[in-house]
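Written out below as structure tokens is the structure these notes cover.
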There are 2 protein chains.
Amino acid sequence: MSAVSQANVADERLKVFNTELCPVRDVLDRIGDKWSTLLLLTLGEGPHRFGALKRAVPDISQRMLTQTLRDLQRDGMISRTVFPTQPPSVEYRLTPMGASILAPLRALSDWADAHHAAIKVARAAFDEDKG
Amino acid sequence: MSAVSQANVADERLKVFNTELCPVRDVLDRIGDKWSTLLLLTLGEGPHRFGALKRAVPDISQRMLTQTLRDLQRDGMISRTVFPTQPPSVEYRLTPMGASILAPLRALSDWADAHHAAIKVARAAFDEDKG
DNA sequence: CGGAATCCAGCCCGATACTG
DNA sequence: CAGTATCGGGCTGGATTCCG
């Protein structure tokens, strides 16, 4: 990681996104882990039980659902409540911090809806040029 | 993929995030590919040459920089201009569509800055409980 | 129902070397 | 300077099986 100090002195005031200086990296890595965002958005509609989350995101595996929920819980984004019923049921819901990321996430989701068509067109055009 | 039709009829009006119905998935997969967001944010400050991007994101490899730029170009997010100088120089800049995603991205980035400390605390607390 | 544990394929991505 | 090509390790994540 000595490349960092090199880069700092080397350049004309470029913003540098390096791992330790940059909270963005830390958070974005989670957003980008393929399932976190979808689960957060789903939980944004209200608390869900394990099985309900699985149905809301059909192609997630049980393994990744469990793991992603643990990670989100670890980061303080969601809370996990076990109801000692028979059979047991577990409810997940957003914490205040988890709820606070919904707005940025929805902004991104809205952007995706709005531009998805344009992106598909751009991809097709690009791919055609290359053959 | 027949699990989809199952899920649709099975439940009480849950929003279902499945791949083909869901532009969000398509876009979020790119956001999450570890480098795209950082490059978009960097290009949001202005056009950059290849080498400048490499310095702005120090721990990206040449390979991933090239590949990520290609993908972003393919999606119509950035444009690539070659100047026939000696040695050659190549400038990357955001397209209008690429620029339009900056606001949501920055909202997320700002959220990350604001909550990074809280997340670290939550992680530490969670990890201590488990030992 | 909600998980945990194990096994294993695939790809992501970094390191390295070569080009115009 | 701005790439391309190739190799290979590691981690992601799916499938399956078992538990309370």
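Within every chain, numbering begins at 1; the chains are lettered A, B, ... in the order of the sequence lines, protein sequences first and strands thereafter.
- Atom pair B/K54:NZ and D/dC1:C1' shows a separation of 12 Å (rounding to whole Å applied).
- Proximity note for A/Q62 (side chain, C-beta onward) versus C/dC13, C/dA4, D/dA2: the nearest is C/dA4.
- Residue A/I31 holds its CD1 atom at 8.0 Å from CG of A/D33, rounded to the nearest 0.5 Å.
- Rounded to whole angstrom, the span from the CG atom of A/L53 across to the C1' atom of C/dC1 amounts to 13 Å.
- For the atom pair CG of B/L43 and CG of B/L38, the computed distance is 11.0 Å after rounding to the nearest 0.5 Å.
- Between A/K34 and D/dG14 there is a side-chain N or O to OP1 or OP2 distance below 4.0 Å.
- Nucleotide C/dC1 holds its P atom 12 Å from the CD atom of A/Q86, rounded to whole Å.
- Atom-to-atom, CD1 of A/I78 to P of C/dG2 comes out at 14 Å; the value is rounded to the nearest Å.
- The side chain of A/S89 approaches C/dG2 more closely than any other nucleotide in the set D/dG13, C/dG2, C/dG14.
- Checking A/D33 against A/P87, the closest nucleotide of DNA chain D that is more toward the 5' end is the one next to A/D33.
- Rounded to the nearest 0.5 Å, atoms CG (A/D129) and CZ (B/R74) are 12.0 Å apart.
- Considering only side-chain N and O atoms, A/R63 lies nowhere under 4.0 angstrom from the phosphate OP1 or OP2 of C/dC7.
- The side chain of A/M64 lies closest to D/dG13, out of C/dG20, D/dG13, C/dC1.
- Closest approach of B/W111 and A/M97 over heavy atoms only: CZ2-O, 3.7 Å.
- The minimum heavy-atom distance between B/L105 and B/T37, with the atom names listed, is CG-CG2, 3.8 Å.
- Within the 4.0 angstrom heavy-atom criterion, only backbone atoms of the sugar-phosphate kind lie near B/Y92; the bases stay farther away.
- What separates CD1 of B/I60 from C1' of D/dG3 is a distance of 14 Å, to the nearest Å.
- At whole-Å resolution of the value, CG in A/L38 and C1' in D/dG13 are 15 Å apart.
- Listed nucleotides D/dG3, D/dC1, D/dG14 differ in distance to A/W35; the shortest reach to its side chain belongs to D/dG14.
- Taking atom CG on A/L65 and atom C1' on D/dG14, their separation rounds to 14 Å, with Å as the unit.
- Within the 4.0 Å cut-off from OP1 or OP2 of C/dG2, at least one side-chain nitrogen or oxygen of A/R49 is found.
- The distance from atom CZ of B/F50 to atom C1' of C/dG20 is 15 Å, rounded to the nearest whole Å.
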